[in-house]
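Report on the following structure.
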Amino acid sequence: MHIAEGYLPPLHAVAWTAVAAPFVVHGARAVVRQVREEPETRLLLGAAGAFTFVLSALKLPSVTGSSSHPTGTGLGAILFRPPVMALLGTIVLTFQALLLAHGGITTLGANAFSMAVVGPWVAYGVYALVRRLGGGLAVAVFLAAALADLSTYCTTAVQLALAHPDATSGVPGALAEFLAIFAVTQIPLAVSEGLLTVLVVRLLTRVSPAELARLGFRPARQEA
């Protein structure tokens with residue numbers, strides 16, 4: 001999903017940075033408020049950021065000028081809400097660009113919008129919808145994490161298609177090509193990320209029940 005340094009035209013890079021910036025600024029305020037009001041959750045907040053960093057650093061090269069890997073943003077989104085992940089995800093992407101040459105600084109805005117904004121909002125929306133409809137915790141977490149992953153890659157496909165339209169079929173043709181490639185490579189990774197996130201949530205409900213309760217997160221054993 002990380003679009004490589006210099007792969008976007010300058011105008012596109014600036015535009016995506018402008019689109020992502022308000023979400024990141026709002027996320028910074030959300031993180032400050034979270035730490036000030038509930039300092040006991042700082043360790044869990046750090047764990048959510050580390051989870052995102054590790055999973056999204058598992059880079060598999062892609063022929064699209066991007067890369068394939070899990071994103072890890074679904075966990076933090078359902079625990080801390082999407083605004084918090086806008087900042088955490090952008091920090092992760094910045095460190096990966098500077099230290100691992102994974103993504104780039106000129107493409108940071110585009111990468112942040114797809115992974116730190118779209119993915120977390122999809123995760124939180126899916127999680128809330130499934131729970132409201134009476135779905136179990138494991139199902140809600142799995143779908144949230146998996147669809148956050150897939151939605152991130154669909155957004156990246158749109159960004160790449162807009163930047164590099166097909167010579168004959170234009171943006172629609174390029175989008176079809178990018179989506180076809182991501183659909184093949186990403187679906188197994190999304191399913192794997194969903195399953196892994198379910199296991200992590202189950203572990204957290206055992207080791208950090210008090211912190212989860214402060215976040216309003218209701219483990220399955222408290223649903224009866």
Side-chain angles (χ1 to χ4, degrees), residues 1-32 34 45-46 48-77 80-124 148-165 171 174-175 178-179 181-182 185-186 189-190 193:
M1 151 267 147
H2 291 60
I3 300 175
E5 183 73 85
Y7 200 76
L8 292 179
L11 182 60
H12 287 244
V14 172
W16 285 116
T17 299
V19 171
F23 293 94
V24 178
V25 171
H26 178 57
R29 294 174 178 171
V31 170
V32 171
Q34 176 69 38
L45 187 64
F51 185 74
T52 300
F53 183 89
V54 171
L55 288 194
S56 60
L58 303 175
K59 180 172 63 175
L60 301 175
S62 170
V63 297
T64 61
S66 178
S67 59
S68 293
H69 51 77
T71 63
T73 58
L75 176 65
F80 291 98
R81 308 294 188 272
V84 170
M85 289 309 298
L87 178 66
L88 292 186
T90 301
I91 292 174
V92 165
L93 289 166
T94 302
F95 275 102
Q96 290 175 342
L98 294 174
L99 303 178
L100 305 177
H102 191 183
I105 296 302
T106 62
T107 55
L108 180 61
N111 291 333
F113 184 75
S114 61
M115 194 180 93
V117 176
V118 174
W121 274 105
V122 168
Y124 185 72
D149 183 312
L150 282 178
S151 64
T152 295
Y153 279 81
C154 289
T155 303
T156 301
V158 172
Q159 293 169 327
L160 291 172
L162 290 173
H164 302 285
V171 172
L175 179 59
F178 285 126
L179 286 175
I181 294 173
F182 283 136
T185 60
Q186 198 58 29
L189 290 175
E193 180 172 348

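What you are looking at is a predicted structure, and each value in this text was computed from that prediction instead of being measured. Atom set for the values below is all heavy atoms of this structure, side chains included, hydrogens, waters and symmetry mates excluded.
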| field | Set of residues satisfying side-chain contact (heavy atoms from CB on, under 4.5 Å) with respect to S151, sequence neighbours excluded | value | V118, V122
| query | With sequence neighbours excluded, what pairs up with Q159 under the side chain to side chain donor-acceptor pair (under 3.5 Å) test? | reply | none
| task | Apply side chain to side chain contact (heavy atoms under 4.5 Å, CB included) to H2 and S56, showing your working. | result | CA-CA 9 Å; H2 291 60; S56 60; 4.2 Å; yes
| query | Who are the side-chain contact (heavy atoms from CB on, under 4.5 Å) partners of L88, not counting sequence neighbours? | reply | L45, V84, M85
| message | Give me the atom names and distance for the closest heavy-atom approach of A148 to T73. | response | CB-OG1, 4.3 Å
| request: Name all pairs fulfilling the side-chain hydrogen bond (donor to acceptor under 3.5 Å, both in side chains) condition that reach into residues 80-94, sequence neighbours left out, sorted by first residue then second. | output: R81-Y124
| A48: what forms a side-chain contact (heavy atoms from CB on, under 4.5 Å) with it, not counting sequence neighbours? | F80
| query | Which residues satisfy the side-chain contact (heavy atoms from CB on, under 4.5 Å) test with A57, sequence neighbours excluded? | reply | Q96, L100
| query | Strictly under 6.0 Å, is that where the ring centroids of H164 and F178 end up? | reply | no
| said: Using every non-hydrogen atom in the two residues, find where T52 and G72 come nearest and quote the distance to one decimal. | reply: OG1-O, 2.8 Å
| request: Before giving the answer on side chain to side chain contact (heavy atoms under 4.5 Å, CB included), spell out for T152 and Q186 the whole-Å C-alpha distance, their side-chain angles and the decisive distance to 0.1 Å. | output: CA-CA 10 Å; T152 295; Q186 198 58 29; over 6 Å; no
| Can L55 and T71 be said to form a side chain to side chain contact (heavy atoms under 4.5 Å, CB included), step by step? | CA-CA 6 Å; L55 288 194; T71 63; over 6 Å; no
| query | So, the side chain of T106 versus the backbone of E5: is there a donor-acceptor pair under 3.5 Å, distance only? | reply | no
Give the table of side-chain donor-acceptor pairs shorter than 3.5 Å for residues 11-30, with sequence neighbours excluded, one pair per line with atom names and distance.
unit_1: T17; atom_1: OG1; unit_2: A13; atom_2: O; d: 2.8

